[in-house]
Number of protein chains: 2
Amino acid sequence: MRESKRKRLEAKGWRVGGTAEFLNLSPEEAAYVELKINLALKLREWRTRRQLTQGDLARLVKSSQSRVAKMEAGDPSVSLDLLVRTLLALGASSREIARTIAPPRRATAA
Amino acid sequence: MRESKRKRLEAKGWRVGGTAEFLNLSPEEAAYVELKINLALKLREWRTRRQLTQGDLARLVKSSQSRVAKMEAGDPSVSLDLLVRTLLALGASSREIARTIAPPRRATAA
DNA sequence: ATACTATATGTCATTATAGACATATCGTCA
DNA sequence: TGACGATATGTCTATAATGACATATAGTAT
């Protein structure tokens with residue numbers, strides 16, 4: 001991506017709720033990493049809900065356990081493409097992905 | 001990504017409404033390309049709305065005119081990452097991106 | 001403690017995507 | 001017609017992301 005140094009740092013110190021504005025990120029950079037982190041969290045949620053190990057999922061999407069771990073960790077080396085493709089492979093719909101990226105106003109809440 | 005041959009074909013013959021199921025794509029592959037195409041269309045919409053040429057936008061996001069053209073054409077060589085980053089750079093919000101990926105139920109409609 | 005299973009982390013060679021540049025195509029205006 | 005501005009398309013080298021593998025670190029049993 002653009003500057004992998006920064007990314008490396010970002011993804012290290014993240015905290016679940018209200019994620020990444022404590023570093024000197026431009027608004028759109030922050031939005032971008034938040035978006036990725038939300039997808040990452042959702043991915044783990046889906047995988048565990050479906051009772052799959054990282055290895056299982058890796059086989060399912062023809063990747064590797066380590067890459068799945070990195071996806072779920074929001075590692076800067078994983079692309080949106082891979083995250084989205086993997087979520088789709090897990091059965092997520094476009095709408096569910098959209099909701100993950102940004103919940104609609106007044107969501108019914110799970 | 002996975003099979004660039006296919007992708008090459010996909011992105012060629014696309015039609016705006018109800019996009020890509022006329023090729024032998026798996027459901028999730030289809031969802032993935034639809035998602036990209038929707039973002040591509042939105043990108044052009046935002047750029048033209050803001051009265052920017054592809055060259056202007058390219059400078060804005062430190063890319064090149066040709067890459068912007070490819071983004072808007074849904075070229076398989078452009079990543080979700082680039083599309084999303086560019087939309088964010090144009091001022092789109094996560095919610096707007098989410099709505100582009102999948103409109104919420106019963107949208108108020110523009 | 002050891003052994004086993006799941007997950008995390010680091011590295012590497014291969015592959016995909018990047019920006020850049022040339023050039024073709026299109027539209028419009030003189 | 002030709003010239004100009006915008007967009008499209010093809011190709012290049014450089015860079016980033018990929019799967020694979022090794023290995024470290026939980027966690028949970030016995």
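Being a predicted model, the structure only gives us computed values, none of them experimental. Naming: A, B, ... by sequence-line order, numbering from 1 per chain.
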Of all residues at least two apart in sequence or in a different chain, which pass the salt bridge (Lys or Arg N to Asp or Glu O under 4.0 Å) check with [X]?
X	answer
R95(A)	none
R67(B)	none
R50(B)	none
E45(B)	K42(B), R49(B)

Pairing string, 5' to 3', for DNA chain C - Watson-Crick or wobble contacts under 3.5 Å, brackets [ ] where pairs cross, | to another strand: ||||||||||||||||||||||||||||||
[X]: which residues meet the side chain to side chain donor-acceptor pair (under 3.5 Å) condition with it, sequence neighbours left out?
X	value
E28(B)	none
T48(B)	none
S94(B)	none

Results of side-chain contact (heavy atoms from CB on, under 4.5 Å) for A58(B) - residues two or more places apart only: V68(B)
With T86(B) via side-chain contact (heavy atoms from CB on, under 4.5 Å) - residues at least two apart: L43(B), L57(B), V61(B), M71(B), L82(B)
Can you tabulate the close N/O pairs, meaning under 3.5 Å, that link protein atoms to atoms of nucleotides 21-25 of chain D?
| unit_1 | atom_1 | unit_2 | atom_2 | d |
| --- | --- | --- | --- | --- |
| dC21(D) | N4 | S66(A) | OG | 2.6 |

Residues touching DNA chain D, which here means a heavy atom under 4.0 Å, drawn from residues 50-60 of chain A: none
